[in-house]
Novice: 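Below you will find the structure I want to go over with you.
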Amino acid sequence: MSNLRFNALLQAIDRPTKSIKEEGRRSELFMSNVFDLSTMRQYVAREAYEAVNDAIEKGSKIDRSIAGQIAAGMKEWAIQHGATHYTHWFQPLTGATAEKHDAFFETLSDGSAIENFEGSQLAQQEPDASSFPHGGIRNTFEARGYTAWDPTSPAFLFETTLCIPTVFVAYTGEALDNKTPLLRALQAVDQAATSVAKYFDKNVSKVNATLGWEQEYFLVDKALAAARPDLVQSGRTLIGHASAKGQQLDDHYFGSIPTRVLNYMRDLELECMKLGIPVKTRHNEVAPNQFELAPIFEEANLAVDHNSLLMDLMDKVADRHNFKVLFHEKPFAGINGSGKHNNWSLATNTGVNLLSPGSTPMKNLQFLTFFVNTIKAVHDYEELIRASIASASNDHRLGANEAPPAIISVFIGSQLTAVLDELEKVTDGKLSPQEKTELKLNVVGKIPEILLDNTDRNRTSPFAFTGNKFELRAVGSMANCALPMTVLNSIVAKQLIEFKKSVDALVQDKKMKKDDAIFNVLREYIKESKKIRFEGDGYGDAWEKEASKRGLSNNKTTPEALKANISNKTINLFEELNIMTRVEIEARYEIQVEEYAMHIQIEGRVLGDLARNHVIPTAIRYQNILIENVRGLKEIYGSSFQTYAFEQIRIIEEISEHIAEINKGINDMVEERKKANKLEDTEKRANAYCNRVKPFFDSIRYHCDKLELLVDDAIWPLTKYRELLFTR
Ligand code: ADP
Ligand code: MG
């Protein structure tokens, strides 16, 4: 066996299982490293505490002197808990998180030293951020970027650093991060949903979007992963023959969790508790070495921050246990990929889940209002939702047969379908008293309060209603949830604004009663959005044909899908709601398209290197061994050697044929890369990478994988699928 692979396997197998000591009850650990409101209350005066509370509840601004008080309290708390540094923690458009640590430590003119942290340092920082993606914004405006404190997400202590969640914006005001548009979208949906919720309950003054993500991932041994340049550099295996046993026996799903993995999970969960990430469930997923982690849902901005933080944390904790986490959507060909379901709903400050059916007809009319409006929003903006989950890595998953297709549709189950069918029959105009009674008692009144157990589960739907929430299942495991959450909340906000306008118009102009007007508008929406509803098998070919007949989009690749991000319809939506300006939208598009091209470019290079520097030389070594053997047989048996060397000669020839194919594939691919790189226009370059470079990956891989099967296992340099997937 090659040294690298042999050592890696030895290391992996020899790993001692570290046992984890639970440090007391989890409920007591929970939030111990978070400077949340209740902790803040102990460290700052009432005035400062209330200012932060108002900022969270009402979005009010915090003035400088108050920021000073809060900074002082934060510093005291952090230092007591062992902090030496602080950082503004933000989410630039790379999709990852960024931080630059500064020490509290400062020297004074008399030579002595103190720990210092002022309000201005809490409120605003200017990271030297010229290397973050900005899509031309900063060049155009020659503006510098700054980070600004987001008081709605509490500061936390990570190792010895106080982390302050912030937004990242250009001095000219354009957002340079994922959080800023999300916060604006959440504000828009709050306003729009609050005014609609007031139809049903005057006491509602705020609506929060809620998000509960489910994070899927693979866990592989660190040493085994390190012996795979493709995993290290591109996050997925670019070659590798399927192992004899894969996931066909379905014996991994919900099976018992291997001890070493369980220790990792417990360690991770303890860290999550301290940071206030309310993780709740863990289990094995479908593929070998694939797992899932899910928290209790939270307010969407906090949930997004927590998911980003969790991904960082997972990397760090995995390292302690000699694992590597694979967040890639498709790290192994032929094996299930990973997603990140986004469970989403709307909750009022009065404690009502607006997507939860209620016990009275009135509550159910409220439920139906938000339910139908969400469906209508998805109907109107399905292409934008598809764009919000597009990435080079997620392309391997969408449309492949374990993930939702690239077509967005909504699944609601047979019971609610029946309700919508009934509502479609509502008379146009004012309803007669009999009609109203009939509707209230027999249609709206009959929606069961608890749908959870009754909803049929359709796992193939990308956007499914699951009893008291919608679940967007097409999000990639590597993605930052901010993107799809910004889109979903924006389109629902826009839809609810339209809804309110239409209802109010019927009430004022046509003198309709409020509930008559609501029924009338909902009826139209149900009719108009019918084509987005699909209850069948989303994985089948039949659905692709049907969806195309219905006029739904089916954008299979990222460059194709991303175009919806800069359509006039999208720009109008975001500008109207003050979520993003045209400049911000276009800059983001530029970044995404460029990122896509770079991603494929890197994969192409890594694949070329692997094939040329690992696979071909190894195949030649083995071929030489065979040639030596044939030569020996010839010496012994003279002209009748062929009888004994038949198999060897056949393999020698096959190796040469595969090598020739690989070489040709790489040469052609490199030619196409050169052509693509010459294209000035980023959109054209992305298209070239997608349509002209990427297609070579499969054929090069095919021949490499054939060689893996032919060549002596003892000299194969790369850890194999069976080793990566079954060592734990
Ligand atoms: P699965 O999709 O694996 O069957 P569930 O249907 O049990 O899982 O969904 C669980 C996820 O849904 C959890 O992450 C949970 O926090 C989230 N969730 C539950 N209620 C809500 C809600 N009202 N808003 C947002 N997320 C929610
Ligand atoms: Mg789910």
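Order of appearance sets the numbers: ligands from 1, and atoms from 1 within every ligand. Just so you know, residue 1 is the first one in the sequence shown, and it goes up from there.
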Novice: Could I get the full list of salt bridge (charged side-chain N to carboxylate O under 4.0 Å, His left out) partners for Lys206, not counting sequence neighbours?
Specialist: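 Salt bridge (charged side-chain N to carboxylate O under 4.0 Å, His left out) list for Lys206, sorted by chain: Asp190.
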Novice: So, are Glu544 and Lys556 salt-bridged, with charged N and O less than 4.0 Å apart?
Specialist: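 Yes.
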Novice: Are Glu298 and ligand 1 in contact, using a heavy-atom cut-off of under 4.0 Å?
Specialist: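 Glu298 does not count as a contact of ligand 1 under the 4.0 Å cut-off.
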Novice: From the options Ala294, Pro278, Pro295, select the one whose nearest heavy atom is closest to atom 15 (C) of ligand 1.
Specialist: Pro295
Novice: Could you tell me, atom by atom, which parts of ligand 1 come under 4.0 Å of a heavy atom of Trp213?
Specialist: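 Listed by number with element, the hits are 14 (O).
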Novice: Determine whether any heavy atom of Ser356 lies closer than 4.0 Å to an atom of ligand 1.
Specialist: no
Novice: Please tabulate, one pair per line, all N/O donor-acceptor pairs under 3.5 Å involving side-chain atoms of residues 309-316, not counting sequence neighbours.
Specialist:
unit_1, atom_1, unit_2, atom_2, d
Asp312, OD2, Thr97, OG1, 2.7

Novice: Using a 4.0 Å cutoff against the non-hydrogen atoms of Arg459, which atoms of ligand 1 qualify?
Specialist: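 Numbered from 1, ligand 1 contributes 2 (O), 4 (O).
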Novice: Is there a donor-acceptor pair under 3.5 Å between the side chain of Thr460 and the backbone N or O of Gly538?
Specialist: yes
Novice: Any salt bridge between Arg282 and Glu269, counting N to O under 4.0 Å?
Specialist: yes
Novice: Mark the output for Ile296 as yes if a heavy-atom distance to ligand 1 is under 4.0 Å, and as no if none is.
Specialist: yes
Novice: Could you say whether the N/O atoms of Glu292 and ligand 1 ever approach to under 3.5 Å?
Specialist: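 Between Glu292 and ligand 1 (N or O atoms, distance only) the closest approach is not under 3.5 Å.
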